[in-house]
Each structure stands twice: as C-alpha cells, then as structure tokens.
Amino acid sequence: MLNAQKACFFLFILGLSALAVGGCSNQGKTSLQGKVTYGGEPVALGVVTFTPVADGFRAIQTVKNGVFEVEAKNGVQPGEYNVLVEGYAEVPEDDPDQVANKIFPDFMTTITVKAGEPIEIDVPLAE
C-alpha cells in the first residue's frame, strides 16, 4: 500500500508544481491541450514536462487516459520546448496496493508550441 501511496503522492506533487510554476498572470502564456500515446495507444497514466529551449516558463502536467490539459495561467509561451514524457500502467482498482509500473523508458522530444493548437505526442514502441 505504501508504494501505491508514494506513486499517487508523486503525481499529486507534480500537479502542484505546475500550479506553482505558473503564477497568477498569463504573461503571454498559452494553454496546452494534447494527447499522449505509446505506439498509437493512449497512455493510461503519465507526466509531461515542457522545458523551454530558450528563456521562458516550464510546465508539468499529468496525463490520464492519454489526455492532458494546462490552463493558460499555468501554461507556457509559444516557442520551442524539450518535452519529457513518462508513462505508467494504470493501477487496477481492485488492487490499489500495486505500484504503477513504467510502460516505456522516459521519452524526450522537441516540439514547437503554438497558441491554441493541440499537441500530439506519440512515444514509439520500445524495441
């Protein structure tokens, strides 16, 4: 049970980090909406981290059933970002003590964030 609680706590803290990084003003930031898939299938549970290539704001958001959304006040400015994607298997409801296991190694990519455009990240199947 302790490991499942740690995994949930970790994801909760990451969500709070996204709020803390964002502040109260948009400051030219845009919202982020998107999908994360692994080999074409939605990632059950995960985390995406957007780190600017140049100066700017960083955003961290959880992924649930392949979808994530960050409000503009917690978002990023349009531009180039290094994106880190972590993916986990969903913990079965009938066994909440199970630890959420990684389904792929951490995946890095670079994307261009454009205001109002959805983001799609497909993590290739590990070979």
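As a basis for the values below, the full set of heavy atoms in this structure was taken, side chains included, without hydrogen atoms, waters or symmetry mates. If you read the sequence from its start, that first residue is 1, and numbering goes on from there.
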Notebook entry, point to check: Can you name the closest pair of heavy atoms from G40 and T37 and give their distance?
Noted result: C-CB, 3.8 Å

Margin query: As an exercise, state the distance from OG1 of T51 to CD1 of I60, rounded to the nearest 0.5 Å.
Written below: 7.5 Å

Checklist line | Atom pair OG1/CG of T62 and L45 - distance to nearest 0.5 Å | finding: 7.5 Å

Next item on the list: Using a cut-off of 6.0 Å, state whether more than 12 heavy atoms not belonging to K114 lie near its atom NZ.
Entry: no

Note to self: Tell me whether I111 shares a hydrophobic cluster with L84, the cluster being built from Ile, Leu, Val, Met, Phe, Trp, Tyr side chains joined at under 4.5 Å.
What the structure shows: no

Check: For E71, does the CD atom have more than 12 heavy-atom neighbours from other residues, nucleotides or ligands under 6.0 Å away?
Finding: no

Check: What distance do Q61 atom CD and Q33 atom CD have between them, rounded to the nearest 0.5 Å?
Finding: 11.0 Å

Next item on the list: Quick one: pull up CZ in F104 and NZ in K102 and give me the separation to the nearest 0.5 Å.
Entry: 8.5 Å

Next item on the list: Please lay out, stage by stage, how E69 and L32 fare under the test side-chain contact (heavy atoms from CB on, under 4.5 Å).
Entry: CA-CA 6 Å; E69 186 169 348; L32 301 169; over 6 Å; no

Notebook entry, point to check: For the residue pair F57 and G75, what are the closest heavy atoms and their distance?
Noted result: CB-O, 4.1 Å

Item checked: Over all atoms of both residues, closest heavy-atom pair of G66 and P42 -> CA-CB, 3.8 Å

Next item on the list: Identify the heavy atoms of V48 and V85 that sit nearest to each other, and give their distance.
Entry: CG1-CG2, 4.1 Å

Checklist line | From I103 atom CD1 to Y38 atom OH, the distance as rounded to the nearest 0.5 Å | finding: 7.0 Å

Note to self: Quick check against the 3.5 Å criterion: does K29 have a side-chain atom that pairs as donor or acceptor with the backbone of K73?
What the structure shows: yes

Checklist line | Heavy-atom closest pair, residues G28 and P78 | finding: O-CD, 3.6 Å

Note to self: When you measure from the side chain of N74 to the backbone of A59, do you find a donor-acceptor pair of N or O atoms at a distance under 3.5 Å?
What the structure shows: no

Next item on the list: Taking all heavy atoms of V43 and all of V63, pick out the closest pair and write down the distance.
Entry: O-CG1, 4.0 Å

Note to self: Check the orientation of F50 and F68. Use parallel for under 30°, tilted for 30 to 60°, and perpendicular for over 60°.
What the structure shows: tilted

Note to self: Would you compute the distance between atom CZ of F107 and atom CG of D122 and round it to the nearest 0.5 angstrom?
What the structure shows: 8.0 Å

